[in-house]
Student: 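Dropping a structure here in structure tokens format, bear with me for questions.
These values consider heavy atoms only, across backbone and side chains, with no hydrogens, waters or symmetry-generated copies. Because the structure is a prediction, the values reported are computed rather than measured. Naming convention: chains lettered A, B, ... in sequence-line order (proteins, then strands); numbering from 1 in each chain.
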Amino acid sequence: SGVGTLSGSYVAPKAIWLPAMKAKGLEISGTFTRQVGSISMDLQLTNKALQVMTDFAIQFNRNSFGLAPAAPLQVHAPLSPNQTVEISLPLNTVGSVMKMEPLNNLQVAVKNNIDVFYFSTLYPLHILFVEDGKMDRQMFLATWKDIPNENEAQFQIRDCPLNAEAVSSRLQSSNIFTVAKRNVEGQDMLYQSLKLTNGIWVLAELRIQPGNPSFTHLQLSLKCRAPEVSQHVYQAYETILKN
Amino acid sequence: ELDDGLDEAFSRLAQSRTNP
């Protein structure tokens, strides 16, 4: 499984995004991170060809949240056959926006001295959860009431290995903030908020039902003015709470 | 502590969601 970082959100283990056989010997694996407000794409490039690779560059297609490289792809020396290099590519969210299907799809082009290669990957939405995503309590209540019921989506998260306290602190390290907490008939109810880099707010009610001593069942209700993000926010909750 | 009524409002919200 992946690793949590000291001051950042959950980081998935690197996955192969471009197999060598599809890219004339260039293999790319990677993952996404968010640490203290900085998003990066952490890449591992391996040369499985018989010739040296040079002149690397990377470009993203337009995407739903304007993710774009914030610097050129820096491969400091030619990549020899069988050599691997690790690169952290800083990203920003001020690139061109085009709604993708699925919403978190990212199309990438990488070039080197041999050719240009293309691949697609999906990024976890929690890399877009900003540090100032804690909504004021009064604003939360007003917004919760204001967002119509048809914009509410409900999800189940079964067998979560954390209690209410740990759930709240784990989520906070990924910029999902608990605005209020209540206990009703033995269930903890957390009211939470998060904000995406493009300013979209998501409000959540997380109902925590004690299961057996080591697991809890969670019911997540999400309210958002852009309800197409809810499915991806739910996936972020699952990932953060189960890893 | 100044009671701004918000504590009570959250209690009512949680209550209404549990017993609609």
Side-chain angles (χ1 to χ4, degrees), chain A residues 134-157 164-165 167-168 171 176-194 201-210 216-224 230 234 237, chain B:
Chain A
K134 185 165 185 175
M135 190 179 266
D136 165 79
R137 294 194 310 155
Q138 187 155 18
M139 181 69 80
F140 184 101
L141 287 162
T143 308
W144 182 273
K145 207 170 153 188
D146 204 39
I147 296 176
N149 286 342
E150 51 271 31
N151 282 27
E152 179 175 338
Q154 291 194 342
F155 306 91
Q156 307 291 328
I157 300 172
E165 201 72 17
V167 162
S168 188
L171 291 170
I176 299 173
F177 299 96
T178 299
V179 173
K181 181 181 166 186
R182 289 291 178 277
N183 188 285
V184 180
E185 295 170 6
Q187 297 179 97
D188 281 316
M189 318 263 287
L190 305 184
Y191 291 93
Q192 303 183 312
S193 70
L194 65 94
W201 285 95
V202 180
L203 278 56
E205 177 192 77
L206 191 59
R207 195 179 293 203
I208 304 177
Q209 297 161 330
T216 49
H217 295 311
L218 310 179
Q219 183 183 307
L220 177 65
S221 305
L222 296 173
K223 276 191 152 191
C224 180
S230 295
Y234 154 65
Y237 267 80
Chain B
E1 198 180 318
L2 195 67
D3 179 13
D4 51 10
L6 296 179
D7 282 339
E8 182 51 36
F10 271 106
S11 296
R12 279 199 305 272
L13 174 60
Q15 199 61 250
S16 73
R17 300 272 303 173
T18 312
N19 305 301

Student: Within a radius of less than 6.0 Å around CD of A/Glu165, do more than 12 heavy atoms belonging to other residues, nucleotides or ligands occur?
Tutor: no
Student: Please say whether more than 12 non-hydrogen atoms of neighbouring residues, nucleotides or ligands are located less than 6.0 Å from CD in A/Gln138.
Tutor: no
Student: Hey, what do you get for CG (B/Leu13) to OH (A/Tyr191), rounding to the nearest 0.5 Å?
Tutor: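 Separation between the atoms: 4.0 Å.
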Student: Mind checking the CG-CD spacing from B/Asn19 to A/Glu185? Nearest 0.5 Å is all I need.
Tutor: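 Rounded to the nearest 0.5 Å, the CG-CD separation comes to 4.5 Å.
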Student: Heavy atoms, side chains only, cut-off 4.5 Å: are B/Leu6 and A/Phe140 in contact?
Tutor: no
Student: Return the CZ to CZ distance between A/Arg182 and B/Arg17, rounded to the nearest 0.5 Å.
Tutor: 15.0 Å
Student: Kindly give the heavy-atom pair with the smallest separation between A/Arg137 and B/Asp7, and that separation in Å.
Tutor: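 So the two residues come closest at NH1-OD1, 2.7 Å.
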